[in-house]
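Chain naming here is simple, since letters A, B, ... match the order of the sequence lines and numbering starts at 1 in each. We use all heavy atoms of the structure for the numbers below, so side chains are in, but hydrogens, waters and symmetry mates are not.
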There are 2 protein chains.
Amino acid sequence: MLKLSKKVEYGLIAIRHIASLNNQISTVKEISDKYNIPNEVLAKVMQKLTRGKLIMSHQGAMGGYTLARSANDISVMDVIGVVEGTQVGIAQCFSEAPENCSIYLNCTIKNPLGKIQHNLEHVFASMKVSEIV
Amino acid sequence: MLKLSKKVEYGLIAIRHIASLNNQISTVKEISDKYNIPNEVLAKVMQKLTRGKLIMSHQGAMGGYTLARSANDISVMDVIGVVEGTQVGIAQCFSEAPENCSIYLNCTIKNPLGKIQHNLEHVFASMKVSEIV
DNA sequence: ATGAAATAGGACTTCAATAGTCGTATTTGA
DNA sequence: TCAAATACGACTATTGAAGTCCTATTTCAT
């Protein structure tokens, strides 16, 4: 509960890695070996980060990945959003259609949870990759 | 990901309910009916809240639950801790033995995640049930 | 040209956590 | 002594997370 997924962790580690090497091109193999991350899992994460325009891919031999933006313009929130592909919501009504929640109609904690949600977003958005390097 | 469990939500709703009735004794049936919460699930949550000394049980006919502390002395963090029975940790290394994590040794994001973790705890600890009533 | 190194991405399996159900025992007020 | 309430263990179903496997495509270097 309230745990980041491994995918998000892997994404953060990978982006930090590239940033720490001054945006030098890095491969999935290099990163997955160095940090003991399953190769195929990291590969998929990198593909998502590419589609989300946080990193850029360079295909073919001698290819790999570089950052698509400066490290101080990539937040933990960005990585979460791109890797998970959905909005973070601490309750169902913040991440999908509110009516889906079985208790939505009589729920008395929507507003306070909304406040908490807002604060959490701020925490994740204000931590930039540049602080992690 | 990063979602509160239904149990925690139910616990918050129940505690808020009791607080909003000026700590009048309330039953599981009354609460589960009013908020459309499965009876047995709520019952178990109430038992945990009792063991965690956030509420007090009154057994037997005419029994039910009352708060064990004033509403401004119960935080969302308290409810999470008692209902989940474990520490909240946004990464494995914060909620269980760090060595269990497959990437612990080479992990480069422990410190920044620790900072985020600390901020999250603050967010949850500073929201009191008295603000929800 | 061709082969090796790299990204792209779909399909599948495994495992653990969440959510809910069922059954029974115990307590206590009227 | 019965009904209304809490106490609690055992079970099932569903979902999501994590990882594996396989194949296609791109591109550099020889």
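Proximity of residues 7-35 of chain A to DNA chain C (heavy atom under 4.0 angstrom from any strand atom) is restricted to A:Thr27, A:Val28. Remark: A:Gln59, A:Gly60, A:Ala61, A:Met62 in residues 52-64 of chain A come within less than 4.0 Å of DNA chain D through at least one heavy atom.
We find that CD of B:Glu40 is positioned 8 Å from C1' of C:dG20, with the value rounded to whole Å. Regarding B:Ile80, its CD1 atom lies at a distance of 13 Å from the P atom of C:dT18, rounded to whole Å. Between the CD atom of B:Glu84 and the C1' atom of C:dA19 there is a distance of 12 Å, rounded to whole Å. When the C1' atom of C:dT7 is taken as reference, atom CG of A:Leu42 falls 12 Å away, rounded to whole Å. When rounded to the nearest whole Å, the span between CG of B:Leu4 and P of C:dA17 equals 18 Å. When the P atom of C:dG23 is taken as reference, atom CG of B:Asn39 falls 15 Å away, rounded to whole Å.
Contact detail for B:Ser126 and B:Glu131: the closest heavy-atom pair is O-OE2, 3.1 Å. Closest approach of A:Pro112 to B:Ile132, counting heavy atoms only: CG-CG2, 3.6 Å. The minimum heavy-atom distance linking B:Lys7 with B:Val83 is given by the pair CB-CG1, 3.6 Å. Minimum heavy-atom separation, A:Ser102 to A:Gln92: N-OE1, 4.4 Å.
At least one cation-pi condition fails for A:Lys3 and B:Phe94: the charged atom is not both under 6.0 angstrom from the six-membered ring centre and inside a 45 degree cone around its axis.
Residue A:Arg51 has no polar side-chain atom (N or O) positioned under 4.0 Å from OP1 or OP2 of C:dA8.
Side-chain N/O atoms of B:Ser32 and B:Asn39 include a donor and acceptor closer than 3.5 Å. At a cut-off of 3.5 Å, with distance as the only test, a side-chain donor of B:Ser75 or B:Asp78 sits close to an acceptor on the other residue. Remark: the B:Tyr65 side chain and the B:His58 side chain contain no N/O donor-acceptor pair separated by less than 3.5 Å.
Backbone-only contact: A:Met1 has heavy atoms under 4.0 Å from sugar-phosphate atoms and none from a base.
The distance from the CD atom of A:Gln117 to the CG atom of A:Leu113 is 9.0 Å, given to the nearest 0.5 Å. Separating the CG atom in B:Leu67 from the NE2 atom in B:His17 is a distance of 10.5 Å, to the nearest 0.5 Å.
Contact annotation: side chain of A:Lys48 to base of C:dG9, donor-acceptor pair absent below 3.5 Å.
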Please lay out, stage by stage, how A:Glu84 and A:Ser5 fare under the test side chain to side chain donor-acceptor pair (under 3.5 Å). CA-CA 9 Å; A:Glu84 293 300 324; A:Ser5 69; 2.6 Å; yes

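When the nearest nucleotides of DNA chain D are assigned to A:Ser5 and B:Met46 by heavy-atom distance, the more 5′-ward of the two goes with B:Met46.
Put simply, chain B comes within 4.0 Å of DNA chain D, heavy atom to any atom, from D:dA4 to D:dA17, going 5' to 3'.
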